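Since the structure comes first, as structure tokens, the remarks are kept for the end.
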Amino acid sequence: MSHAVQAVSGMIESGSLTPGVRVERFGLPDHTAARFEMPAPALRGLVGSYHVFDSEKEWRDGVKPWLLPSWPAIRFILAPDTIALTIGSRRYDPMPVAALYGNASRAMQMTTHGGVTIGVDLTPLGWSRLFDARADDHRDRVVPLDTLLPAGWVACALDRLRASDRSTQVKAILDDLLLAIVRPPGRDDDQIVALHRLIADEDTRDLTSAAASLGMSPAALRRLSTRYFGFPPKTLLIRTRFVRSLVRMMLAGGGANYAAMAPTYFDASHFLRDADRFLGMTPRRFLQQDHRYLIACLNGLAEVRRADTVQRGAGAARPRLVAAESRSVEKLASS
């Protein structure tokens with residue numbers, strides 16, 4: 001059975017429906033809660049995971065948590081108070097209650113006052129099977145979800161999630177909603193999956209050379225990448241390397257330890273340049289922020305993926321891929 005922490009003072013029940021999850025490994029701070037779920041088998045590869053974040057005013061009131069640069073996500077804000085989000089020079093205040101976060105190359109800062117947020121973490125393949133829009137038209141942006149999906153579907157999703165327990169019932173609702181609109185496989189699916197795998201692989205240093213081994217020209221690679229991933233392949237590879245290194249520092253504690261940098265960094269100055277690009281500040285300054293909830297969520301998603309891997313009997317190879325491609329390395333954010 002999956003371990004769970006019962007709801008306290010009206011918060012959701014932390015944990016997961018995935019068997020074998022131990023919630024104490026999340027390390028959640030007081031006055032916070034979180035759930036992570038894996039999608040239905042038919043949605044694997046399209047959806048990385050589902051999440052439900054909750055907190056009480058004692059924790060969140062006036063706090064401005066950070067979200068790491070990440071793959072796109074659908075989010076439903078069920079909190080009673082509005083949430084604001086800043087991405088670079090753009091500020092969204094208030095955020096749409098049903099929103100699409102485009103693929104992000106910048107850290108994002110939120111202003112929130114507690115309450116529940118429910119999210120669907122999408123892969124590039126998921127983007128291709130759900131939306132007509134180009135990913136590069138939505139990078140580093142947040143838009144109302146009903147500009148990309150039918151308004152009736154979005155209204156139905158909000159109604160069903162609001163009427164739920166916002167906890168153990170969420171996975172089944174999201175599975176049902178997404179299965180109703182996901183499209184059949186497309187002609188670009190194999191190349192999208194192959195490119196995503198290359199980006200996630202720590203051994204990939206030159207995407208152009210790697211893609212050539214798959215029979216793709218540099219021009220075709222760039223077209224595929226901007227269309228479905230939102231950015232040129234080099235940007236994605238650099239972002240993945242940087243966020244992976246930053247997360248290692250965060251989980252290790254003790255500040256900016258440059259020994260945690262990916263081996264493909266030549267020196268600390270190279271890493272600092274990427275920090276300015278993706279964080280807008282030095283790693284030391286970023287790590288001085290209060291990231292206790294973010295770190296707990298990184299741990300929580302990793303724990304659920306570990307348990308899922310064991311449950312599925314996938315062997316030792318799968319954890320490396322999912323850890324690299326998921327928001328346990330790139331994504332985790334908010335509430």
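Computation of the quantities below employed the complete heavy-atom set of this structure, encompassing side-chain atoms and omitting hydrogens, waters and symmetry-equivalent molecules. None of the values given here were measured: they were computed from a predicted structure.
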message = In terms of relative ring orientation, are His51 and Phe53 parallel, tilted or perpendicular, with 30° and 60° separating the classes?
response = parallel

request  = Quick one: list whatever passes salt bridge (Lys or Arg N to Asp or Glu O under 4.0 Å) with Glu37, sequence neighbours left out.
outcome  = Arg35

Counterpart residues, salt bridge (Lys or Arg N to Asp or Glu O under 4.0 Å), relative to Asp81 (two or more places apart) = Lys57

query = More than 12 foreign heavy atoms under 6.0 Å from CZ of Arg284: is that the case here?
reply = no

query = Going through the checks in order, is the side chain to side chain contact (heavy atoms under 4.5 Å, CB included) test met by Trp127 and Ile192?
reply = CA-CA 10 Å; Trp127 181 283; Ile192 293 170; over 6 Å; no

Between [X] and [Y], does any side-chain N to carboxylate O distance fall below 4.0 Å?
X      : Y      : value
Asp137 : Arg227 : no
Asp175 : Lys171 : yes
Arg241 : Asp274 : yes

message = Show me the pairs that pass side chain to side chain donor-acceptor pair (under 3.5 Å) and involve residues 246-255, at least two apart or across chains.
response =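 Every pair satisfying side chain to side chain donor-acceptor pair (under 3.5 Å) with a residue in residues 246-255: Glu202-Arg248.
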
query = Which pairs, with at least one residue in residues 83-92 and sequence neighbours excluded, count as a side chain to side chain donor-acceptor pair (under 3.5 Å)?
reply =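 Counting only pairs at least two positions apart or across chains, the side chain to side chain donor-acceptor pair (under 3.5 Å) contacts touching residues 83-92 are Thr86-Arg91.
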
Would you please name every residue forming a side-chain hydrogen bond (donor to acceptor under 3.5 Å, both in side chains) with [X], sequence neighbours left out?
X      : value
Arg25  : Glu303
Thr235 : Arg277
Arg222 : none
Arg129 : Asp189

query = What pairs meet the ring-ring contact (aromatic ring centres under 6.0 Å, His included) rule with one or both residues in residues 202-225, with sequence neighbours excluded?
reply =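 Of all non-adjacent pairs touching residues 202-225, none passes ring-ring contact (aromatic ring centres under 6.0 Å, His included).
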
ask   = Sequence neighbours excluded, which residues qualify as side chain to side chain contact (heavy atoms under 4.5 Å, CB included) partners of Arg205?
value =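 Scan of Arg205 (side chain to side chain contact (heavy atoms under 4.5 Å, CB included), adjacent residues dropped) gives Thr264.
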
ask   = What pairs with Asp132 under side chain to side chain contact (heavy atoms under 4.5 Å, CB included), at least two apart in sequence or on another chain?
value =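 By the side chain to side chain contact (heavy atoms under 4.5 Å, CB included) rule, Asp132 matches Arg183.
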
Is any side-chain heavy atom of [Y] closer than 4.5 Å to one of [X]?
X      : Y      : answer
Leu122 : Val47  : yes
Arg75  : Met95  : no
Thr204 : Ile199 : no
His196 : Tyr228 : no
Ile87  : Leu67  : no
Tyr293 : Pro65  : no
Phe26  : Ile295 : no
Phe286 : Leu246 : yes

Anything under 3.5 Å between a donor and an acceptor, one on a side chain of residues 152-160, the other on a protein residue two or more places apart or in another chain? List them.
unit_1: Trp153; atom_1: NE1; unit_2: Leu177; atom_2: O; d: 3.0
unit_1: Arg160; atom_1: NH1; unit_2: Asp176; atom_2: OD2; d: 2.7
unit_1: Arg160; atom_1: NH2; unit_2: Asp176; atom_2: OD2; d: 3.4

query = Are the aromatic ring centres of Phe271 and Phe242 under 6.0 angstrom apart?
reply = yes

note = Rounding to 0.5 Å, atoms CG (Leu195) and CG (Asp190) come to a distance of 12.5 Å

